Amino acid sequence: MLRLALLTCFATAHAYLWPSPMLDELESLLFEITPGTTGIASFIQPCDTFTFAPTGSRGSSGRSNAADWIRTAYHDMATHNIVDGTGGMDASIRFAEEQARAENVGDGFVNTLGVLAGSATRYVSVADALALGTVIAVEFCGGPQIPFRGGRVDATEPNLPGVPKPEQTLDSHVASFARQGFTQDEMIGLVACGHTFGGVQHAPFPDIVPELNDTNNSESVSHFDTTNTHFDNNIATEYISGTTQNPLVVGFNDTTNSDERIFGSDGNVTMLSFANSPELFASRCSELFARMLDTVPSGVQLSDVITPLPVKPFDLTFTLDGDVLQFSGRVRFWNLTDNPNRVALLLWDDHLGGVHNSTLLSSLEAVGSFPDGVSTSYIFGGDDFGGLSLDAAAGITTMRFMVDGKVEDQGGVGFAVQDAVVFSTTSCFFSNNRTAQYNVAVRVLCRLYMSQY
Ligand code: HEM
Ligand SMILES: *[C@@H]1O[C@H](CO)[C@@H](O)[C@H](O)[C@H]1NC(C)=O
Ligand SMILES: *[C@@H]1O[C@H](CO)[C@@H](O)[C@H](O)[C@H]1NC(C)=O
Ligand SMILES: *[C@@H]1O[C@H](CO)[C@@H](O)[C@H](O)[C@H]1NC(C)=O
Ligand SMILES: *[C@@H]1O[C@H](CO)[C@@H](O)[C@H](O)[C@H]1NC(C)=O
Ligand SMILES: *[C@@H]1O[C@H](CO)[C@@H](O)[C@H](O)[C@H]1NC(C)=O
Ligand SMILES: *[C@@H]1O[C@H](CO)[C@@H](O)[C@H](O)[C@H]1NC(C)=O
Ligand SMILES: *[C@@H]1O[C@H](CO)[C@@H](O)[C@H](O)[C@H]1NC(C)=O
């Protein structure tokens, strides 16, 4: 019975349908962000935030979390081999063996993982968290939106080396990007897009950058452009106008001036177009960053681009209390238009063919304003915060919502819930001897049977 229901669900599911544990989490991480306050963005705003500065969290170190996150994603991806399908965005950069390589010099990778791996869960991979870091750093520091797909799989061992180093020749860089799956044009673009953030530090690159002896730049970072914590096309305008201080363009040692060789490799055509049009630069970077993040080992299947789910139930819980099934939860609507006289209903089908409804009270409405839209949330059961009291035998199979007369049921699929296995209120935890008793009810042919563990 359960298996049949799932098959039906997948057969009609093309786009992202609730519930999907991974996409539900990624969608929240992507869109439920109050700039500077909640979510991953709180670690990069203001955009000169550097969590690991010895002298405090921002400004005076010359470094930024945002720049570290973008470089980390690139170095994770750059091991990709388009011919044999190995390497790519798979969080192999988290292995000490990769971090110990000369091509991955510096502490930016450890720093980045220290923050972003905290967003990984049993459903969200570290690789997805690293990709999200780049999307959020770029978007929240002045850059374009980057279409985000989920489903990266974490590598279980290091990849082969292959991240480009500044002292390599132009030919070897062209070959390296080709191996990663990028043309020469795309190489110029991707390097310019990445190097609109951050710079080269003295400690890992003492031969490129001297100690700067600047209290406002305690880590001695020679920045790629004058707006190193902000996405803009100054990387290109300063290069084209000849005013650039980019240490990989005007460094005293020509051998390590890789940006100079790369930027000039098409006679400056690409960089000139970027310098002439901030819009072109932004749209090209959105496209190239997305390509970078979606470069994954062969066999890894990424989801469709994640957009805000229009109707998203969350925090659902069931508890069996005698013959009563307590059902609580909430639902979030995205970009609902204002309506002071709103009528919102939760409707549900039970296992016995019954159809029920309950009002979602607008007096308990919670509104959140996010950069990509507005969320409006309601609590099931309205005034009764304990939720809804259902007949345990009848239970619940599928929910729908009705807002101002409009039915929201994911195109007829509904919002499937499972009350096949639920905890009983007789479960308990004894703090004195740290033991617990879990009483679990299992639904068999529409009856809930109790067992004790
Ligand atoms: C031939 C290709 C490339 C070379 C040789 C190169 C070289 C470098 C070097 C030497 C640094 C200094 C790192 C440090 O001091 O910690 C750096 C920083 C950086 N790179 Fe690249 N890079 C290349 C391509 C890219 C690409 C494609 C991206 C991203 C799309 C990127 C993003 C960054 C960022 C954001 C930083 C700043 C890191 C920070 O300030 O913490 N790089 N790059
Ligand atoms: C900073 O100080 C060090 C040590 O005194 C010196 O070697 C270096 O040249 C100075 N850097 C600059 C940019 O003046
Ligand atoms: C350091 O930054 C402060 C605040 O922006 C500024 O007032 C000061 O002049 C700067 N010092 C140097 C040495 O650049
Ligand atoms: C320039 O850089 C290369 C590669 O790092 C190094 O071998 C060479 O010694 C450097 N030259 C000078 C003059 O520092
Ligand atoms: C590209 O532009 C820079 C800055 O104007 C200039 O120094 C450089 O010679 C140009 N490179 C080519 C290949 O035209
Ligand atoms: C909600 O339930 C009530 C009572 O059973 C019923 O009269 C009403 O038609 C239901 N509303 C909807 C929209 O199904
Ligand atoms: C939600 O509204 C915002 C403007 O507030 C708009 O930019 C965005 O495209 C809308 N999103 C969806 C999914 O409709
Ligand atoms: C733990 O303590 C509770 C309450 O005092 C008691 O009922 C239970 O038997 C104890 N469990 C064990 C394993 O000792």
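Start at 1 and go down the list; that is how both ligands and their atoms are numbered. No experiment lies behind these values; they were computed from the predicted model shown.
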Inventory of protein N or O atoms under 3.5 Å from ligand 2 N or O:
| from | atom 1 | to | atom 2 | distance (Å) |
| --- | --- | --- | --- | --- |
| ligand 2 | 2 (O) | Asn213 | OD1 | 2.8 |
| ligand 2 | 2 (O) | Asn213 | ND2 | 2.4 |
| ligand 2 | 11 (N) | Glu211 | O | 2.7 |
| ligand 2 | 11 (N) | Asn213 | ND2 | 2.7 |

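In this structure, Glu103 places its CD atom where more than 12 heavy-atom neighbours from other residues, nucleotides or ligands lie under 6.0 Å away.
A donor-acceptor contact closer than 3.5 angstrom links the side chains of Asp419 and His351. Between the side chains of Asp68 and Thr112, no donor N or O sits under 3.5 Å from an acceptor N or O. Asp254 and Asn257 share a donor-acceptor pair across their side chains, judged by distance under 3.5 Å alone. Judged purely by distance below 3.5 Å, without hydrogens or angles, the side chains of Thr169 and Asp171 never pair a donor atom with an acceptor atom. There is a side-chain donor-acceptor pair under 3.5 Å between Thr237 and Asn234. Using modelled atom types and a 3.5 Å distance limit, the side chains of Gln180 and Ser176 yield a donor-acceptor pair. Between the side chains of Asp185 and Thr183, no donor-acceptor pair is found at a separation under 3.5 Å.
Among all protein heavy atoms, the one lying closest to atom 10 (C) of ligand 1 is Phe205 CZ, 3.5 Å. Among protein heavy atoms, the minimum distance from atom 12 (C) of ligand 1 is reached at Gly199 O, 3.5 Å. The nearest protein atom to atom 39 (C) of ligand 1, hydrogens excluded, is given as Ala67 CB, 3.5 Å; this is a heavy-atom distance. The protein non-hydrogen atom at the shortest distance from atom 17 (C) of ligand 1 is Phe224 CZ, 3.6 Å. Remark: minimum distance from atom 41 (O) of ligand 1 to any protein heavy atom is reached at Asp68 OD1, 2.7 Å.
Interface atoms of ligand 1 facing Lys165, defined by a heavy-atom separation under 4.0 Å, are 5 (C). Per-residue contacts place Leu190 under 4.0 angstrom from the following atoms of ligand 1 (heavy atoms of the residue considered): 27 (C), 30 (C). Of all atoms in ligand 1, listed by their number and element, those nearer than 4.0 Å to a heavy atom of Met292 are 30 (C). Numbered from 1 in the order shown, with element, the atoms of ligand 1 that lie under 4.0 Å from a heavy atom of Ile262 read 1 (C). Remark: ligand 1 atoms within the under-4.0 Å shell around heavy atoms of Gln201 are 14 (C), 15 (O), 16 (O). If you number the atoms of ligand 1 from 1 as listed, the ones under 4.0 Å from a heavy atom of Phe197 come out as 35 (C), 37 (C). Which parts of ligand 6 touch Leu347 is read off a 4.0 Å heavy-atom cut-off, strictly below it: atoms 14 (O). Which parts of ligand 1 touch Phe289 is read off a 4.0 Å heavy-atom cut-off, strictly below it: atoms 30 (C). Near Ser258, with a cut-off below 4.0 Å to any heavy atom, the atoms of ligand 1 are 5 (C).
Taking the six-membered ring for Trp and thresholds of 30 and 60 degrees, His75 and Phe109 have ring planes inclined between 30 and 60 degrees apart. His195 and Phe224 have parallel rings, their planes meeting at less than 30° on a 0 to 90° scale where 60° marks the start of perpendicular. Using bins of under 30°, 30° to 60° and over 60° for the plane-to-plane angle, the ring pair Phe197/Phe231 lands in the tilted bin.
Remark: Asp404 engages Arg342 in a salt bridge, criterion side-chain N to carboxylate O under 4.0 Å. Comment: Asp349 engages Arg400 in a salt bridge, judged by a side-chain N to carboxylate O separation of less than 4.0 angstrom.
Distance alone, capped at 3.5 Å, is enough to place a donor-acceptor pair between the Trp18 side chain and the Pro313 backbone. A donor-acceptor contact shorter than 3.5 Å is absent between the side chain of Thr256 and the backbone of Pro166.
For atom 2 (C) of ligand 1, the choice among Gly251, Pro164, Ala137, Ala66 with the nearest heavy atom turns out to be Pro164.
Sorted by chain and number, the protein atoms of type N, O or S within less than 2.8 Å of atom 21 (Fe) of ligand 1 are His195 NE2.
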Which is it for Ser60 and Ser218 under the side-chain hydrogen bond (donor to acceptor under 3.5 Å, both in side chains) test, yes or no, and what are the steps along the way?
CA-CA 6 Å; Ser60 57; Ser218 61; 5.2 Å; no

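Residue contacts with ligand 6, taken as heavy atom pairs separated by less than 4.0 Å, involve Leu345 solely via side-chain atoms from C-beta onward.
For Pro166, the closest heavy-atom approach to ligand 1 falls below 4.0 Å.
When each of Phe281, Tyr239, Phe263 is checked for a ring pair (Phe, Tyr, Trp, His ring centres under 6.0 Å) with Phe274, only Phe281 meets the rule.
For the pair Arg291 and Phe182, the cation-pi criterion (under 6.0 Å, within 45° of the ring axis) is fulfilled.
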